[in-house]
Amino acid sequence: MSFPMNSMISMLLGLIYSSLTEEVYRNIAIEILSSYAQLQTITQKELAQKCNVTISTLNKFYASVGCRSYNDFKRHMKDGENIRRAQIDMRFQKTDEKTMLDNIRALAKTPFNRSLFVHSVQEYNELAYEAPRIIILGGNFSQALTLHYQQDMILFGKLVYAYPSVGTIVIPEVNDKTLFVLISQSGNTLGFAKDKIAELKSQYHKISVITGNSSVVKDNSIKNVIRMPIEGEDEVGNTLLVEMLRYMKYQYHEMYCR
């Protein structure tokens, strides 16, 4: 899966998401993004310790993403951050909450309950704020559509990434306070991966589901459900998901980053 590349962050997120990435490189990318706020000040030795690898392995990692050294890598990270922050500022200046909610309503294929949606997103963001990281699972294309959400949330101080699905949902071993986000527009993915979903719910108890399937409800593990006003899956649903994610990160920013 390829990603649009306007920053080193997007390249690292692409490495994490790709099922072809070596596990050691995936873990390095995750550790770098989890230490993002401190990256410009920590030494390469400290980063190697965090990643549990040698400096030689880190040097090979930098080369794999087109960088000559640790300092070169940090420069690319900072340059990409500056570009992305300018984009975020510009977009937030040109939009507002009402416009985003109106866009969602215009794309809706089923009745859109605005107040319920806003409440469910607020509930989600409260869970997101408390979680040490957010991992996005689901259909491959839905996961790919979350890239801008992942990038911006990392700049807001929250580690978010999509974990690769190989034939079915793959469940990584992580801190039990991790918030998992399952995206299944029609609910088909939840049905196809029923055993894996049951396994996820038995191991972790902070799960949010974004779906148009009305049969999905909260339980001991599913703490939040964000309804998509759609039936089935189509290109409009993909556009709707992007708009919903845009509102989710906007609200998170307003709640915690002002």
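Side-chain atoms are counted along with the backbone in the values below, which use heavy atoms only and exclude waters and symmetry mates.
You'll find the ring centres of Tyr247 and Phe117 inside the 6.0 Å limit. Aromatic ring centres of Tyr62 and Tyr70 lie closer together than 6.0 Å.
Identified under the salt bridge (charged side-chain N to carboxylate O under 4.0 Å, His left out) test for residues 53-75, with sequence neighbours left out: Arg68-Asp72, Asp72-Arg75, Arg75-Asp79.
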**Request:** Go through Ser7 and Gln151 one step at a time and tell me if the side chain to side chain donor-acceptor pair (under 3.5 Å) criterion holds.
**Result:** CA-CA 9 Å; Ser7 73; Gln151 286 180 297; 3.2 Å; yes

**Derivation and outcome, side chain to side chain contact (heavy atoms under 4.5 Å, CB included), residues Asn224 and Val181** = CA-CA 9 Å; Asn224 168 258; Val181 179; over 6 Å; no

**Request:** Might you work through the side chain to side chain donor-acceptor pair (under 3.5 Å) test for Ser115 and Asn113, ending with a clear yes or no?
**Result:** CA-CA 6 Å; Ser115 61; Asn113 187 324; 3.1 Å; yes

**Asked** Is there a side chain to side chain contact (heavy atoms under 4.5 Å, CB included) between Ile9 and Leu155 once you walk through the steps?
**Response** CA-CA 9 Å; Ile9 292 177; Leu155 292 183; 3.8 Å; yes

**Request:** Carefully, step by step, assess Val174 and Phe180 under the rule side chain to side chain contact (heavy atoms under 4.5 Å, CB included).
**Result:** CA-CA 10 Å; Val174 289; Phe180 284 88; 3.8 Å; yes

**Request:** Test Asn213 against Ser215 for side chain to side chain donor-acceptor pair (under 3.5 Å), laying out the working first.
**Result:** CA-CA 6 Å; Asn213 190 321; Ser215 68; 2.5 Å; yes

**Message:** Could you go through Asn52 and Glu31, starting from their C-alpha distance and side-chain angles, then the distance that decides it, and tell me whether this counts as side chain to side chain donor-acceptor pair (under 3.5 Å)?
**Reply:** CA-CA 10 Å; Asn52 197 29; Glu31 284 300 322; over 6 Å; no

**Request:** Could you check Arg227 against Val225 for side chain to side chain contact (heavy atoms under 4.5 Å, CB included), going step by step and ending with a plain yes or no?
**Result:** CA-CA 6 Å; Arg227 301 286 180 201; Val225 178; 3.6 Å; yes

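Electrostatic pairing of Arg105 and Glu243 does not count as a salt bridge here, judged by no charged N lying under 4.0 Å from a carboxylate O. With respect to the salt-bridge test (charged N to carboxylate O, under 4.0 angstrom), the residues Arg258 and Glu254 qualify. A salt bridge does not link Asp152 with Arg91: every distance from a Lys NZ or Arg NE/NH1/NH2 to an Asp or Glu carboxylate oxygen is 4.0 Å or more.
With hydrogens and angles left out, the side-chain atoms of Thr178 and Asp176 include no donor and acceptor closer than 3.5 Å. Side chain to side chain, Ser186 and Asn188 meet the donor-acceptor criterion of an N or O pair below 3.5 Å. A side-chain donor-acceptor contact under 3.5 Å links Arg133 and Tyr161. Side chain to side chain, Gln185 and Asn238 meet the donor-acceptor criterion of an N or O pair below 3.5 Å.
Here Thr95 pairs with Thr99, Met100, Arg246 under the side chain to side chain contact (heavy atoms under 4.5 Å, CB included) rule; sequence neighbours left out.
Annotation for Ile32 and Met77: closest pair CG2-CE, 4.1 Å, computed over non-hydrogen atoms. Shown here for Lys177 and Lys206, the closest heavy-atom pair between the two residues is O-CD, 3.6 Å. Taking both residues in full, the closest heavy atoms of Ala48 and Thr54 are given as CB-C, 4.3 Å, listed atom of the first, atom of the second, then distance. The minimum heavy-atom distance between Pro172 and Tyr204, with the atom names listed, is O-OH, 3.1 Å. Listed here is the closest heavy atom pair of Ile136 and Val160: CD1-CG1, 3.8 Å. Taking every heavy atom of both residues into account, Glu97 and Val118 meet most closely at OE2-CG1, 4.4 Å.
With rounding to the nearest 0.5 angstrom, the CD1 atom of Ile135 is 9.5 Å from the CG atom of Leu179. Between atom CG of residue Leu241 and atom OG1 of residue Thr146 there is a gap of 8.0 Å, rounded to the nearest 0.5 Å. If you take OG1 on Thr57 and CD on Glu22, they are separated by 10.0 Å, rounding to the nearest 0.5 Å. In this structure, Ile230 CD1 and Leu107 CG are separated by 10.5 Å, a value rounded to the nearest 0.5 Å. Note that the CD1 atom of Ile88 and the CD atom of Glu81 stand 9.0 Å from one another [nearest 0.5 Å].
Note on ring orientation: taking the six-membered ring where Trp is involved, the planes of Phe92 and His253 are perpendicular (angle over 60°, cut-offs 30° and 60°).
You'll find the side chain of Leu13 reaches within 4.5 Å of the side chain of Ile154, heavy atoms only. Between Asn59 and Gln44 there is a side-chain heavy-atom pair separated by less than 4.5 Å. Between Ile16 and Thr21 there is no side-chain heavy-atom pair separated by less than 4.5 Å.
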